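To start, the structure itself, in structure tokens.
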Amino acid sequence: WMLFFNPTAAEKLYTEFYKPDPGLPTTMGATDNYEFYEGMVNYKNENYKEAISRWSQLYNKNQNNDTLTYFLGVAYLAEGHEQQADRYLQTSSDNTTSVFNEDALYYLALLQLKENKTQAAIKTLSKAKSERAKTLLERLQLTKSKPD
């Protein structure tokens with residue numbers, strides 16, 4: 001079995017660095033965003049499918065919402081749907097005015113590592129300023145200079 005599955009350096013880094021986004025705080029009480037927060041509760045309980053279902057309905061009504069765009073991206077990534085995750089994370093990482101921009105760059109780079117797109121991950125991480133993105137970029141560059 002081990003002969004057939006030998007993870008690449010990029011996949012190893014993905015496994016080491018990937019942790020689902022912790023999500024936003026959910027407070028008890030009346031809220032105008034009931035569906036969003038119900039989705040957040042689902043997300044935090046690792047019921048990504050239900051969170052995606054709730055958020056997709058909201059997203060269809062407001063595709064300019066950076067919060068929905070970002071969390072759909074990380075939920076799809078956590079669920080293992082890379083193509084959908086890429087769509088939302090790419091959009092979120094392109095929105096430089098969003099509070100989720102740095103996180104989106106980080107998770108997009110992780111997605112790229114998961115797909116063994118090392119050069120794309122380096123390019124994405126080079127745009128980021130967060131410490132965790134810098135750490136991942138340094139590790140990626142070190143790994144790239146060593147043979148697998």
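Because the structure is a prediction, the values reported are computed rather than measured. Just so you know, residue 1 is the first one in the sequence shown, and it goes up from there.
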task: Determine, stepwise, if the pair Leu136 / Leu110 fulfils side chain to side chain contact (heavy atoms under 4.5 Å, CB included).
output: CA-CA 9 Å; Leu136 179 54; Leu110 283 171; 3.8 Å; yes

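- Thr124 OG1 to Gln119 CD: the interatomic distance, rounded to the nearest 0.5 Å, is 11.0 Å.
- Put simply, Ile52 and Val41 are part of two different groups of oily side chains (I, L, V, M, F, W, Y) that touch within less than 4.5 Å, one to the next.
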Side chain to side chain contact (heavy atoms under 4.5 Å, CB included) evaluation trace for Asn65 with Leu58: CA-CA 9 Å; Asn65 184 307; Leu58 296 173; over 6 Å; no

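- Under a hydrophobic-cluster definition in which Ile, Leu, Val, Met, Phe, Trp and Tyr are linked whenever side-chain heavy atoms come within less than 4.5 Å, directly or via other members, Leu113 and Tyr76 are assigned to the same cluster.
- Annotation: the span from Glu102 atom CD to Lys127 atom NZ amounts to 11.5 Å, rounded to 0.5 Å.
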- request: Show your working on side chain to side chain contact (heavy atoms under 4.5 Å, CB included) between Phe17 and Arg139 and close with a plain yes or no.
  value: CA-CA 10 Å; Phe17 279 82; Arg139 287 287 302 284; 3.9 Å; yes

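- Judged by distance alone, the side chain of Asn33 and the main-chain N or O of Phe36 form no donor-acceptor pair under 3.5 Å.
- The number of heavy atoms from other shown groups lying within 6.0 Å of CD (Gln83) does not exceed 12.
- Side-chain contact between Ser53 and Lys49 is absent, with no heavy atoms from C-beta onward closer than 4.5 Å.
- Aromatic rings from Tyr48 and Tyr43 are positioned such that their centres are separated by under 6.0 Å.
- The two residues Ser92 and Ala104 make their nearest non-hydrogen contact at OG-CB, 3.4 Å.
- Residues Asp21 and Leu77 have side chains not in contact (no heavy-atom distance under 4.5 Å, counting atoms from C-beta outward).
- At distances below 3.5 Å, at least one donor-acceptor pair connects side-chain atoms of Ser93 with backbone N or O atoms of Leu89.
- Geometrically, Arg132 engages Tyr106 in a cation-pi contact defined by less than 6.0 Å to the ring centre and at most 45° from the axis.
- Here the closest non-hydrogen pair linking Ala133 and Ala128 is CB-CB, 3.5 Å.
- Looking at Arg54 and Glu50, their side chains come closer than 4.5 Å, going by heavy atoms from C-beta outward.
- Using modelled atom types, no side-chain atom of Glu82 and backbone atom of Leu111 make a donor-acceptor pair closer than 3.5 Å.
- The shortest heavy-atom contact between Lys44 and Gly23 is CE-C, 4.0 Å.
- Here the closest non-hydrogen pair linking Ala51 and Asn42 is N-CB, 3.8 Å.
- Side-chain contact check for Leu125 versus Leu105: every heavy-atom pair is 4.5 Å or farther apart.
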field: Residues Phe100, Thr69; criterion side chain to side chain contact (heavy atoms under 4.5 Å, CB included); working and verdict
entry: CA-CA 9 Å; Phe100 299 105; Thr69 304; over 6 Å; no

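- A donor-acceptor pair is defined here as one N or O able to donate and one able to accept, closer than 3.5 Å; such a pair exists between the side chain of Thr135 and the backbone of Glu131.
- Nearest heavy-atom pair across Asp66 and Asn95 is CB-ND2, 3.8 Å.
- The pair Glu16-Lys12 does not meet the salt-bridge criterion, since no charged nitrogen lies less than 4.0 angstrom from a carboxylate oxygen.
- Taken to the nearest 0.5 Å, the CG atom of Leu108 stands 12.5 Å off from the CG atom of Asp103.
- Side-chain contact between Thr67 and Leu24 is present, with heavy atoms from C-beta onward closer than 4.5 Å.
- A donor-acceptor pair under 3.5 Å links the side-chain atoms of Asn60 to the main chain of Ser56, judged by distance alone.
- Rounding to the nearest 0.5 Å places CH2 of Trp55 at 11.5 Å from CD of Glu38.
- Atom OH of Tyr59 and atom CG of Leu68 lie 8.5 Å apart (nearest 0.5 Å).
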